[in-house]
Amino acid sequence: MNFYIRIISMKVLYIHFIFFFFLFSPGVNAQTTQKQMLSGTGNDDTVNWDFYVTGGMKAGKWSTIPVPSNWELQGFGKYDYGFSKDSLRGKEQGMYKRTFKVSNDWKNKKIDIVFEGSMTDTEVKINGKLAGPIHEGSFYVFRYDITKLVKFGSDNLLEVKVSEHSANKSVNAAEREADFWLFGGIFRPVYLEGLPKNHIERVSIDAKADGSFRANVIASGSATEVGIKLFHADGKPFGSEIRSNLNKKSGSVLMSSAFQSPKLWSAEFPNLYRAEFTLYQNRKAVHTVSKKFGFRTVVVKPRDGMYINGAKIKFKGVNRHSFWPTSGRTTSKSLSIKDVLLMKEMNMNAVRMSHYPPDGHFLDVCDSLGLYVMDELAGWHGHYDTPTGTKLLKEMIVNDENHPSIVFWANGNEGGHNMELDTIFRQLDLQKRPIIHPWQLFDGFETQHYREYDYGIGNYMHGREIVMPTEFLHGMYDGGHGAGLEDYWKAMWDSPLSAGGFLWDFADQGVVRTDKNNIIDTDGNHAADGIVGPHHEKEGSFYAIKEIWSPVYIERREIAEGFDGVFQVENRYSFTNLNQIGFSWKLAKLKQINGAAGDSIKGQIQSPDLKPLEKGALKVELPSDWKSYDVLYITATGTDKREVFTWSYPIVRPAHVASRIVKKDAANAVKISETDSLYQVTVNDLKVSFSKRTGILREVRNDKGVIPFNNGPVLQEGVNNFAGFSHKMEGKNVVIESKFDRKTSYNMLQWTIYPSGWVKMKVNYFPGQYFTSVVGLNFSYPESNTKGVEYMGSGPYRVWKNRMKGNQIGVWDKEYNNSATGEPPFQYPEFKGYHANMYWMNFHGKDQSFTVVTENEDLYFRLFTPKVSDDPYKNYVPVFPSGDISFMQGISGIGTKTQKTETTGPMGMKNIFYDYEKDPSRAKEITLYFNFSGK
């Protein structure tokens with residue numbers, strides 16, 4: 001009897017347990033916000049709507065258009081860049097129509113229509129009735145409550161009128177009088193949201209590195225209570241639930257708690273949590289909202305720096321537009337992922353949203369992959385009026401506030417700051433993140449743009465405030481970015497008051513012109529500012545930045561006799577110990593001329609135990625025969641298993657490589673004859689002619705014909721005073737050489753022709769001035785006869801005096817191209833220009849090839865002169881020698897859009913060399929060997 005009573009009692013208890021579990025468990029039976037897409041999600045997922053445009057292309061007739069999109073990219077309206085005169089700008093309107101149905105299941109819901117972005121003024125009608133006031137402002141998520149306007153179970157008509165040019169002058173001043181392309185249209189997604197009558201309107205989270213957690217919850221309706229549960233990224237619960245009653249009058253509550261030892265969010269370790277907010281009415285769960293967030297603390301210490309989770313941060317940042325050449329400002333999550341991965345590949349840790357808030361998915365990716373973000377209220381040089389700015393600022397913060405990646409807000413740009421909004425930023429942001437006025441000194445941050453290296457008189461780098469230029473080293477074509485960054489970054493790294501900075505900018509804004517046969521247009525020099533091209537083509541600066549901003553810094557080390565395998569390293573991470581980084585080595589025997597690559601071997605390196613900012617040794621255990629290899633590569637691999645950088649260290653010297661290649665002896669006889677003006681030297685099938693007066697190479701001919709390489713050597717920024725030539729036999733070799741005179745012919749030229757057919761040129765010379773832009777010598781060769789070049793040296797990208805980083809020692813095969821950086825066809829690496837650390841070069845002509853080998857270290861070779869692109873500011877101006885092919889010991893730097901090369905730092909200065917009163921033992925020397933056999 002008691003036994004059965006006990007069983008019945010247990011059943012009753014179990015039933016009560018299940019009842020109360022479902023009654024009080026957060027989220028049980030609670031409704032989530034339902035979503036019905038009316039458009040696609042991005043440029044890779046669109047939905048056609050009916051469309052009519054009032055002006056420009058295809059005006060005056062109804063057709064269809066994909067949504068989201070900018071209508072210019074779909075062949076409608078008129079293209080305009082922001083510098084276009086107002087009288088010439090397209091000010092067309094676009095009319096959209098779309099029918100949609102709302103399920104009967106939504107009858108008891110509040111229904112919002114949400115636009116994530118529309119350019120610019122947007123009027124919305126549902127079934128012929130206005131949904132609300134016209135929305136002014138392009139880049140902000142806005143919504144209308146259309147509950148009373150929709151019909152359930154039957155067709156509804158959505159009509160949207162979008163005015164490209166705003167009726168609000170301040171909106172045009174902030175968004176459309178700017179240095180970027182102007183577009184029109186519904187360019188971000190549109191959808192319906194269905195919410196229960198009692199629902200959560202807004203959630204604001206502030207989670208600190210010490211585990212403290214605050215959340216402000218605002219609810220609508222008659223709900224009484226809110227619960228919060230936290231979850232790890234893997235879905236496991238974290239800590240205990242938080243429960244609080246809502247304030248009956250305000251419908252809100254500020255909740256707080258503490259959590260033990262959370263995993264912190266940073267750009268290096270982007271640990272995310274999920275907070276599940278559940279709204280209760282009379283103990284019944286009625287609505288649930290989930291938000292991802294991160295525990296992290298942002299602190300600004302005046303006259304010191306910016307600290308995240310207790311670590312002082314140097315921002316390695318870039319400015320980014322929301323942009324893709326075939327779709328304008330309409331992007332996608334996949335593009336956001338690609339952008340962030342490219343930034344992290346360059347070892348960047350930060351991005352500025354220039355000059356407006358981005359797509360939400362871009363911030364999601366910054367959260368999950370790890371980038372610090374400066375989120376910006378639009379305002380190029382003008383700003384919103386206060387009523388408009390207040391409304392748009394709230395839309396921005398409500399939409400973006402919980403992203404842990406956002407560590408700054410920016411109030412406009414370069415004078416486009418509405419000071420009256422600063423207090424509103426602080427009022428709306430629970431986290432109280434710092435506010436930046438880009439290019440101003442504001443609130444302890446000196447952010448001036450494009451200041452010269454070592455700028456300041458009692459200010460900037462010589463002042464007392466935190467220095468963080470929100471734009472610097474303005475890219476233009478191949479200038480800026482990596483050109484100058486090595487000097488700037490050394491100064492920034494060494495300065496306690498520097499918080500780093502943000503390069504201008506990430507990608508060329510080259511847009512497909514549907515009105516011009518789909519050419520890619522950067523509006524001349526206005527939008528050719530990127531580190532990557534419109535389709536993310538990597539320019540040389542990409543790799544220079546990657547090396548300069550590597551968080552693993554390896555001090556310069558020459559590999560010579562006595563090399564012990566030890567490299568001095570510095571940990572420039574903020575939170576990562578170098579024992580978490582993978583290191584490996586590779587020894588390689590490089591390909592020889594017209595041969596195959598040799599052997600290579602690999603190995604692992606014990607990662608040193610070095611905390612952030614510590615220095616120590618990286619010990620490479622190499623095999624005993626390491627000297628038989630040509631180059632040593634060291635690779636660092638990050639915690640994400642991606643390459644940090646690969647450094648290359650030459651083991652073999654050019655003179656040794658030359659001794660392998662150049663064969664001097666043979667059974668052939670070298671013969672010399674003279675005419676009135678020429679020395680003519682023959683050996684086997686080779687005939688070489690030199691000027692008797694100047695020693696200049698006049699003609700090269702073999703059994704296949706003439707090799708059009710001649711007119712050299714001609715000294716660049718030096719005096720061409722080779723004189724007093726004579727010839728002689730040295731053993732089997734013919735030697736032609738000039739005579740030294742300290743006053744009249746102090747530069748010396750010597751030619752040696754060997755029985756093998758190899759020709760040696762040796763020049764001893766003095767630069768013409770103490771300061772020179774370029775130093776070396778050149779020859780003539782018709783560019784039209786060029787097919788390509790294979791060479792051993794640093795590559796594959798060209799270099800500038802102020803952009804030497806990013807390449808590796810190797811053998812590189814480059815086909816000829818006439819690419820100009822920042823211009824179609826955006827083909828990289830560029831063929832023309834300066835190339836560093838030459839060992840040998842095999843030059844391929846359309847008819848014949850020839851080989852050049854050097855004994856000199858640190859020799860550059862120059863291939864023709866790249867196109868001089870449009871530069872109205874006269875800052876870019878790289879200097880090239882005359883002639884076509886040059887061999888240089890000093891080369892030119894390159895400027896930026898806003899700075900001349902000499903203001904980008906010491907590396908941008910001219911070359912400096914003292915002539916020691918023409919003491920021949922102090923002369924510079926260039927030694928080259930030529931093989932003109934055609935074999």
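For the single chain, residues carry numbers from 1 onward in sequence order.
- In this structure, Leu393 CG and Ile424 CD1 are separated by 6.5 Å, a value rounded to the nearest 0.5 Å.
- The salt bridge (charged side-chain N to carboxylate O under 4.0 Å, His left out) search around Lys338 returns none, not counting sequence neighbours.
- Between the side chains of Arg352 and Asn413, at least one donor N or O sits under 3.5 Å from an acceptor N or O.
- Side-chain N/O atoms of His287 and Gln31 include no donor and acceptor closer than 3.5 Å.
- For the pair Arg274 and Phe231, the cation-pi test (distance below 6.0 Å, angle within 45°) is passed.
- Under the 3.5 Å distance criterion, with hydrogens and angles disregarded, no donor-acceptor pair is assigned to the side chains of Glu225 and Ser244.
- Atom OG1 in Thr470 sits 9.0 Å away from atom NE2 in His355 (nearest 0.5 Å).
- In this structure, Arg320 is not positioned above the aromatic face of Phe506 in the sense of NZ or CZ being under 6.0 Å from the six-membered ring centre and within 45° of the axis.
- Not counting sequence neighbours, the partners of Phe315 by the ring pair (Phe, Tyr, Trp, His ring centres under 6.0 Å) test are Tyr372, Phe408.
- In terms of the salt bridge (charged side-chain N to carboxylate O under 4.0 Å, His left out) criterion, residue partners of Asp112 (sequence neighbours excluded) are, by chain and number, Lys110, Arg143.
- Judged as a ring pair (Phe, Tyr, Trp, His ring centres under 6.0 Å), and not counting sequence neighbours, the contacts of Phe115 are Phe142.
- Aromatic pair Phe362/His403: ring centres not closer than 6.0 Å.
- No side-chain donor-acceptor contact under 3.5 Å links Thr33 and Glu193.
- Side-chain contact between His135 and Lys391 is present, with heavy atoms from C-beta onward closer than 4.5 Å.
- A donor-acceptor pair shorter than 3.5 Å can be found between the side chains of Glu116 and Tyr191.
- Remark: Lys546 is not positioned above the aromatic ring of Phe645, lacking an NZ or CZ atom under 6.0 angstrom from the ring centre and at most 45 degrees off the axis.
- Using cut-offs of 30° and 60° for the angle between ring planes, the Phe238 and Phe259 rings count as parallel.
- For Tyr356, the ring pair (Phe, Tyr, Trp, His ring centres under 6.0 Å) partners at least two apart in sequence or on another chain are Phe139, His321.
- A donor atom on one side chain and an acceptor atom on the other are found under 3.5 Å apart for Asn577 and Asp609.
- For Glu345, the salt bridge (charged side-chain N to carboxylate O under 4.0 Å, His left out) criterion is met by Lys538, not counting sequence neighbours.
- For the residue pair Trp409 and Asp429, a side-chain donor N or O sits within less than 3.5 Å of a side-chain acceptor on the partner.
- In this structure, a donor-acceptor pair under 3.5 Å is absent between the side chains of Thr224 and Asn282.
- Both tests do not hold together for Lys291 against Phe277: distance to the six-membered ring centre under 6.0 Å, angle to the ring axis within 45°.
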